[in-house]
2 protein chains.
Amino acid sequence: MTLRADARRNRDLLVAAATGVVAEEGPEASLNEIARRAGVGPGTLYRHFPTRDALLAAVFEGRLSRLCEQAEELSASAPPGEALVAWLRLLTVHAMTDKGLGARMMLPTSAASVDCWAMLRAAADGLLKPAQESGHLRPDVDFTDLVELTAGIAQSAPDPARAHRLLTLTLDGLRIPPARA
Amino acid sequence: MTLRADARRNRDLLVAAATGVVAEEGPEASLNEIARRAGVGPGTLYRHFPTRDALLAAVFEGRLSRLCEQAEELSASAPPGEALVAWLRLLTVHAMTDKGLGARMMLPTSAASVDCWAMLRAAADGLLKPAQESGHLRPDVDFTDLVELTAGIAQSAPDPARAHRLLTLTLDGLRIPPARA
DNA sequence: ACCTGAACACCGTTCAAGT
DNA sequence: ACCTGAACACCGTTCAAGT
């Protein structure tokens with residue numbers, strides 16, 4: 001199952017090149033350009049990553065595991081309500097990196113990101129349930145709701161400050177509820 | 001200022017062709033394909049619409065004016081809070097049409113859509129202020145907030161039913177507020 | 001096994017030549 | 001004035017030929 005040495009090396013070169021190019025040009029960056037910068041032929045890129053999303057997922061993996069670590073740290077160091085909100089803010093920032101790569105990878109739309117999705121979900125569940133059990137988060141909200149809302153905000157907000165505001169609004173609600181008895 | 005007869009005709013053919021192609025393939029549809037279907041050369045397309053967004057704006061105009069009409073109708077026929085919510089739902093559905101054309105055009109990102117933005121804003125203001133004055137909408141929320149939130153939802157939600165749910169969540173808020181005294 | 005890179009059909013965009 | 005369509009540099013993707 002392990003790759004031949006040169007194949008392994010080419011794979012690493014491709015992921016490194018893709019990381020650089022995607023950081024500069026976003027997730028629609030030219031695949032030929034990535035292969036060129038990695039010093040391999042386009043065919044080699046396709047051999048290792050049959051689809052664009054497969055390559056993007058490899059680029060994305062490192063950042064994703066960082067986000068999962070942070071979820072654990074927050075869950076250990078802050079009260080449930082605050083930990084969840086803090087992590088949602090990290091998730092939003094994250095979704096804005098690399099001109100939309102983040103938002104693209106965290107939505108379940110791209111079938112290649114099934115692994116990413118599972119990792120994210122596991123990390124989030126550790127924050128979600130305590131927040132609900134302690135009465136800080138509505139019990140009818142689930143992981144999918146949170147990801148879609150934060151990904152949407154990240155795609156629409158022109159800058160991080162706007163994203164921060166939109167997330168705050170979403171947490172608190174736009175509507176003024178009728179006064180309670 | 002009026003166009004020569006053949007130029008006028010070509011312009012109309014281009015918008016009609018673009019409307020069809022964009023409905024099928026979304027806002028990234030091939031411009032050469034649009035020119036081909038309109039029966040003109042690619043140069044003619046560029047003469048009339050120097051950028052892709054200029055062409056998309058022309059396609060978008062019809063739908064947009066419909067949305068403005070609906071804002072007026074709602075504002076006349078429903079109480080302020082309900083009228084605004086109903087219109088936000090229309091806006092969301094609208095932003096999902098043509099594989100993202102709507103969301104793309106209502107964000108102020110594309111400089112070519114300045115006119116669209118102004119039209120939308122005028123329509124929305126007639127609903128926003130009454131809702132705030134009657135105590136149904138938070139007074140610190142503005143038009144930009146509403147557009148960015150609905151555009152975000154439209155981009156992230158996989159289908160209209162999900163979009164409906166996400167908008168409801170955003171209106172009501174995710175967080176459970178501490179009990180009031 | 002794996003890599004190479006030429007090749008194909010396409011794209012956005014431009015511009016000399018026409019009417 | 002406006003239109004045409006060939007042409008250019010690029011893109012994603014494939015595949016025979018090499019090692």
Side-chain angles (χ1 to χ4, degrees), chain A residues 1-59 98-101 104-105 109-113, chain B residues 1-59 98-101 104-105 109-113:
Chain A
M1 196 52 223
T2 49
L3 293 166
R4 220 170 64 177
D6 55 343
R8 171 85 227 164
R9 191 166 158 282
N10 278 333
R11 212 200 101 104
D12 292 344
L13 286 171
L14 280 165
V15 173
T19 301
V21 176
V22 167
E24 291 165 22
E25 320 209 11
E28 302 294 347
S30 156
L31 297 179
N32 280 347
E33 164 75 20
I34 290 171
R36 219 173 294 133
R37 207 181 299 194
V40 305
T44 305
L45 187 153
Y46 278 88
R47 164 170 291 277
H48 286 282
F49 304 101
T51 67
R52 169 176 237 113
D53 273 339
L55 176 57
L56 292 178
V59 170
D98 294 349
K99 319 200 175 186
L101 171 62
R104 175 173 176 145
M105 294 319 284
T109 313
S110 60
S113 72
Chain B
M1 194 54 223
T2 48
L3 293 165
R4 220 170 64 177
D6 55 343
R8 171 84 228 162
R9 190 164 158 282
N10 278 332
R11 213 199 100 103
D12 292 344
L13 286 172
L14 280 164
V15 173
T19 301
V21 175
V22 167
E24 290 165 23
E25 319 209 11
E28 303 293 347
S30 157
L31 297 179
N32 280 347
E33 163 74 19
I34 291 170
R36 219 173 295 132
R37 207 179 300 191
V40 305
T44 304
L45 187 152
Y46 279 86
R47 162 170 294 275
H48 286 282
F49 305 101
T51 67
R52 170 177 234 111
D53 273 340
L55 176 58
L56 293 178
V59 170
D98 293 349
K99 318 202 175 185
L101 171 63
R104 173 173 179 148
M105 296 317 284
T109 313
S110 60
S113 69

Round to a whole Å and report the spacing from [atom1] of [X] to [atom2] of [N].
X: B:L31; N: D:dC10; atom1: CG; atom2: C1'; value: 15 Å
X: A:L13; N: C:dC3; atom1: CG; atom2: P; value: 11 Å
X: A:E25; N: D:dC10; atom1: CD; atom2: C1'; value: 13 Å
X: B:L55; N: C:dT13; atom1: CG; atom2: C1'; value: 15 Å
X: A:I34; N: D:dC11; atom1: CD1; atom2: C1'; value: 12 Å
X: A:D53; N: D:dG12; atom1: CG; atom2: P; value: 14 Å
X: B:N32; N: D:dA7; atom1: CG; atom2: P; value: 15 Å
X: A:F49; N: D:dT14; atom1: CZ; atom2: P; value: 16 Å

Options C:dC11, C:dC2, D:dG12, nucleotide nearest the side-chain atoms of A:R52: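 Out of C:dC11, C:dC2, D:dG12, the nucleotide with an atom closest to A:R52's side chain is D:dG12.
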Within the pair [X] and [N], is there a side-chain N or O less than 4.0 Å away from OP1 or OP2?
X: B:N10; N: D:dC3; answer: yes
X: A:S30; N: D:dG12; answer: yes
X: A:H48; N: C:dC3; answer: yes

Using atom types as modelled and distance alone, determine if a side-chain donor or acceptor of [X] lies under 3.5 Å from a backbone N or O of [Y].
X: A:R52; Y: A:E28; value: yes
X: B:K99; Y: B:E24; value: yes
X: A:R47; Y: A:A7; value: no
X: A:R104; Y: A:D53; value: no

Strand partner of C:dT19, provided both Watson-Crick or wobble distances fall under 3.5 Å: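 WC or wobble partner is D:dA1.
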Nucleotide forming a Watson-Crick or wobble pair with C:dA6, both distances under 3.5 Å: D:dT14
Passing option when A:D6 is tested against A:R8, A:R9, A:R4 for side chain to side chain donor-acceptor pair (under 3.5 Å): A:R4
Any base atoms under 4.0 Å from [X], or only sugar-phosphate, or nothing? Heavy atoms, all strands.
X: A:A35; answer: nothing
X: A:D6; answer: sugar-phosphate
X: A:R9; answer: nothing

Distance-minimising heavy-atom pair for A:D98 and A:P27: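 Taking every non-hydrogen atom into account, O-CD, 3.5 Å.
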Sub-4.0 Å heavy-atom contacts from residues 37-47 of chain B onto DNA chain C, ordered by number: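 B:P42, B:G43, B:Y46, in order of number.
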Steps toward side-chain contact (heavy atoms from CB on, under 4.5 Å) verdict (A:L55, A:L31): CA-CA 10 Å; A:L55 176 57; A:L31 297 179; 4.1 Å; yes
